[in-house]
Amino acid sequence: MVKTPKEIVAELDAYVIGQDDAKRAVAVALYNRYRRMQLSDDMQREITPKNLLMIGPTGVGKTEIARRLAKVVNAPFVKVEATKFTEVGYVGRDVESMVRDLADVAVAMEEERQFAQVRDRARRQADKRLVKLLVPAIKKEKKNTNPMADMMSMLQGLQNGNVPTPAQDEGEVTDEVRNQRLSVAEQLEKGLLEDQELTVTVADAKKQSGMNDMYGQMGIDLGDMLGNMMPQKKVQRTMTVKEAREIFIREESDKLVNHADIYHDAIQSAENNGIIFIDEIDKIAAGDKKTSGEVSREGVQRDILPIVEGSQVNTKYGPLSTDHVLFIGSGAFATAKPSDLIPELQGRFPIRVELNDLTQEDFVRILTEPDNALVKQYIALIGTDGVHVTFTKEAIEKIAAIAIRVNRDTDNIGARRLATILEKLLEDVLYEGPDMQMGDITVTEQYVDNKIGNIAADKDMTRFIL
């Protein structure tokens with residue numbers, strides 16, 4: 001669905017308080033990508049995305065804006081920390097890994113989309129497998145076989161490029177078994193066996209070695225190569241019918257889709273809709289240290305530059321061009337300035353947006369208005385113990401005032417201070433909640449003052465507790 005800039009901002013307003021300039025800028029940048037897709041192919045190639053640089057102290061909503069933005073338009077989105085990259089030639093992640101991560105996200109999204117299209121067919125196949133597991137066939141007596149002949153047959157199959165699969169003994173299906181399966185199939189359809197347990201053979205989900213990351217930097221999927229050479233290890237797990245069905249649906253969906261199409265569509269989506277959010281970009285600015293070629297500073301900037309300018313990166317799904325990927329840089333720029341970045345990189349982030357410090361009124365709104373407001377979260381958490389918590393308006397304003405004061409007197413960490421204050425404020429209720437027999441608690445201004453007022457007034461205590 002295409003959303004106008006106003007509609008995008010309206011959706012961001014549900015989660016991010018204030019910062020109207022930043023929300024307008026990202027909404028326009030996003031909608032410009034839709035505008036570009038309406039033009040001719042020649043014109044599309046000429047128009048490059050206008051990357052953004054969000055400047056502001058920590059805790060004012062920079063990361064939240066970018067994260068929610070990707071969800072609004074359901075676009076492939078990757079958040080990376082600029083400080084985790086190192087210059088080429090040193091140990092650490094190379095900058096191209098952010099593009100490979102974007103490709104992985106795009107493939108996962110496209111896979112889910114195509115799996116959803118074949119889910120009904122996959123579910124029918126999954127239910128057939130469940131019926132056979134719940135009512136197994138009668139096993140036949142195994143015939144004596146020649147192990148040497150079996151091994152020679154397997155080796156011959158490998159030479160011909162065929163991966164050997166263990167022979168499946170289907171067993172004998174008698175009339176009694178057939179009738180039982182019909183009965184079980186009917187019960188499955190009605191949802192009567194969802195909690196029944198059964199033993200299922202599934203693929204082993206052990207993590208692959210770090211070697212795959214190293215080869216991945218060259219666009220090689222080591223796991224895929226090894227998987228083609230030898231059969232995947234299987235393990236047995238006991239689970240409910242409901243859980244087993246989801247595993248079977250995924251396995252059957254995997255057989256019904258064309259993975260070449262998934263990879264092609266995913267690369268196209270990443271190239272035209274992908275968003276890469278580079279956080280802490282100010283930490284790789286030189287600042288007062290102007291040593292040319294310093295590791296993790298100018299060196300990383302020089303490596304990031306061709307990615308942001310537009311280049312092709314080899315991924316295990318094929319080459320991915322970053323010409324039209326939208327990059328959003330973010331940083332507090334407390335000890336460095338945007339002008340401390342190398343000029344070429346500055347030029348690739350033409351839109352600068354400064355996010356403002358949050359006011360006391362903003363804190364009050366953050367505590368109460370968003371769909372995921374902190375006060376709503378704590379009320380829901382404590383409510384699981386049967387305790388109903390209510391905050392008065394004065395209590396909310398008092399919490400906001402304390403947060404502003406602590407941010408001013410110590411370090412300004414923005415809205416993150418609210419989480420620290422609320423956790424300290426409600427620690428007794430959170431601890432005693434499961435054993436309390438009382439149903440209602442009202443948090444008043446006096447309660448807030450008694451619990452954390454003295455701590456907030458003492459600067460030495462504030463530094464360690466709040």
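Here the structure is a predicted model, which is why all the values come from computation and not from measurement.
By the neighbour-count criterion of 12 heavy atoms within 6.0 Å, atom NE2 of H259 is densely surrounded, having more than that number from other residues, nucleotides or ligands. Atom CD of E189 has 12 or fewer heavy atoms from other residues, nucleotides or ligands within 6.0 Å. Summarising the local packing, CZ of R24 is surrounded by 12 or fewer heavy atoms from other residues, nucleotides or ligands at distances under 6.0 Å.
If you take CD1 on I55 and OG on S330, they are separated by 9.5 Å, rounding to the nearest 0.5 Å. Summarising the geometry, atom CZ belonging to F277 is positioned 4.5 Å from atom CE belonging to M54; distances are rounded to the nearest 0.5 Å. Atom CD of Q268 sits about 10.0 Å away from atom OG of S321, to the nearest 0.5 Å. Here CD of E81 is found 11.0 Å from CD1 of I278. Values are rounded to the nearest 0.5 Å. Here I247 contributes atom CD1 and M239 contributes atom CE; the two are 3.5 Å apart, rounded to the nearest 0.5 Å. A distance of 14.5 Å separates CD1 of I399 from NZ of K424, quoted to the nearest 0.5 Å.
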(request) May I have the step-by-step check of salt bridge (charged side-chain N to carboxylate O under 4.0 Å, His left out) for E280 and K283, ending in yes or no? (result) CA-CA 6 Å; E280 307 292 355; K283 303 300 188 294; 2.8 Å; yes

(request) Could you walk me through whether F77 and V105 pass side-chain contact (heavy atoms from CB on, under 4.5 Å), step by step? (result) CA-CA 7 Å; F77 173 79; V105 171; 5.8 Å; no

(message) Apply side-chain contact (heavy atoms from CB on, under 4.5 Å) to residues D41 and R45 and explain how you reach the verdict.
(response) CA-CA 6 Å; D41 290 343; R45 283 190 289 271; 4.1 Å; yes

(request) Step by step, work out the side-chain contact (heavy atoms from CB on, under 4.5 Å) result for L341 and F349. (result) CA-CA 11 Å; L341 296 168; F349 289 91; 5.8 Å; no

(message) Would E112 and R119 count as a salt bridge (charged side-chain N to carboxylate O under 4.0 Å, His left out) here? Give the steps.
(response) CA-CA 10 Å; E112 289 300 322; R119 183 176 176 85; over 6 Å; no

(message) Go through it in stages, so that I can follow the logic: the residues are E423 and Y378, the test is side-chain hydrogen bond (donor to acceptor under 3.5 Å, both in side chains), and I'd like the CA-CA distance, side-chain angles, deciding distance and then a yes or no.
(response) CA-CA 9 Å; E423 192 70 24; Y378 277 101; 2.4 Å; yes

(request) Test F333 against I281 for side-chain contact (heavy atoms from CB on, under 4.5 Å), laying out the working first. (result) CA-CA 9 Å; F333 287 96; I281 199 169; 3.9 Å; yes

(request) In sequence, state the C-alpha distance, the side-chain angles, and the governing distance for K71 and E11, and then conclude on salt bridge (charged side-chain N to carboxylate O under 4.0 Å, His left out). (result) CA-CA 10 Å; K71 289 187 177 181; E11 293 209 28; over 6 Å; no

(message) salt bridge (charged side-chain N to carboxylate O under 4.0 Å, His left out), that's the test. Do E309 and R302 meet it? Break it down for me.
(response) CA-CA 11 Å; E309 283 182 335; R302 285 195 298 269; over 6 Å; no

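Ion pairing between R237 and E243 fails under the 4.0 Å rule for side-chain N and carboxylate O. Using a 4.0 Å cut-off between charged side-chain N and carboxylate O, D195 and K242 make no salt bridge. A salt bridge links R100 with D94: the closest approach of a Lys/Arg side-chain nitrogen to an acidic carboxylate oxygen falls below 4.0 angstrom. Using a cutoff of 4.0 Å between basic side-chain nitrogens and carboxylate oxygens, E186 and K190 are scored as salt-bridged.
With hydrogens and angles disregarded, a donor-acceptor distance shorter than 3.5 Å links the side chain of Q19 to the backbone of N356. Remark: the backbone N or O of G318 is not paired with any side-chain donor or acceptor of H264 at under 3.5 angstrom. Looking only at distances, no side-chain donor or acceptor of R245 sits under 3.5 Å from a matching main-chain atom of R123. A donor-acceptor pair is defined here as one N or O able to donate and one able to accept, closer than 3.5 Å; no such pair exists between the side chain of D303 and the backbone of V300. Of the possible donor and acceptor atoms, none in the side chain of E110 sits under 3.5 Å from a partner among the backbone N and O of I262. Using modelled atom types, one side-chain atom of K62 and one backbone atom of G56 make a donor-acceptor pair closer than 3.5 Å. Between the side chain of K23 and the backbone N or O of G18 there is at least one donor-acceptor pair closer than 3.5 Å. Counting only distance, with no hydrogens or angles, the side chain of K3 and the backbone of A27 share no donor-acceptor pair below 3.5 Å. Judged purely by atom type and a 3.5 angstrom limit, N412 has no side-chain atom pairing as donor or acceptor with the backbone of N407. At least one donor-acceptor pair closer than 3.5 Å links the side chain of R417 to the backbone N or O of D411.
A side chain to side chain donor-acceptor pair (under 3.5 Å) with E252 is found for exactly one of R124, Q125, R129, namely R129. Each of I8, V9, T4 was compared with K6 under the side chain to side chain contact (heavy atoms under 4.5 Å, CB included) criterion, and only T4 meets it.
For the pair M98 and K84, the minimum side-chain heavy-atom distance is 4.5 Å or more. Looking only at side-chain heavy atoms (C-beta outward), I65 and Y15 stay at 4.5 Å or farther from each other. The side-chain heavy atoms of Q44 and R36, taken from C-beta on, include a pair separated by under 4.5 Å. P49 places none of its side-chain heavy atoms less than 4.5 Å from the side chain of N32. A 4.5 Å side-chain heavy-atom check between Q346 and R352 finds at least one atom pair inside the cut-off. Looking only at side-chain heavy atoms (C-beta outward), K316 and D104 come within less than 4.5 Å of each other. Using a 4.5 Å cut-off on side-chain heavy atoms (C-beta onward), R348 and I304 make no contact. Within the 4.5 Å cutoff, side-chain heavy atoms of L326 are placed close to those of N51.
Taking all atoms of both residues into account, the shortest heavy-atom contact from Q301 to I284 is NE2-O, 2.6 Å. What you find for G310 and D323 is that their closest heavy atoms are CA-OD1, 3.1 Å. For the residue pair A332 and T58, the shortest heavy atom distance occurs at CB-N, 4.5 Å. Closest approach of S97 to F85, counting heavy atoms only: OG-CE2, 3.4 Å. When all heavy atoms of T322 and I307 are compared, the pair lying nearest together is OG1-O, 2.7 Å. Across all their heavy atoms, R181 and V135 have their closest contact at NE-O, 2.9 Å.
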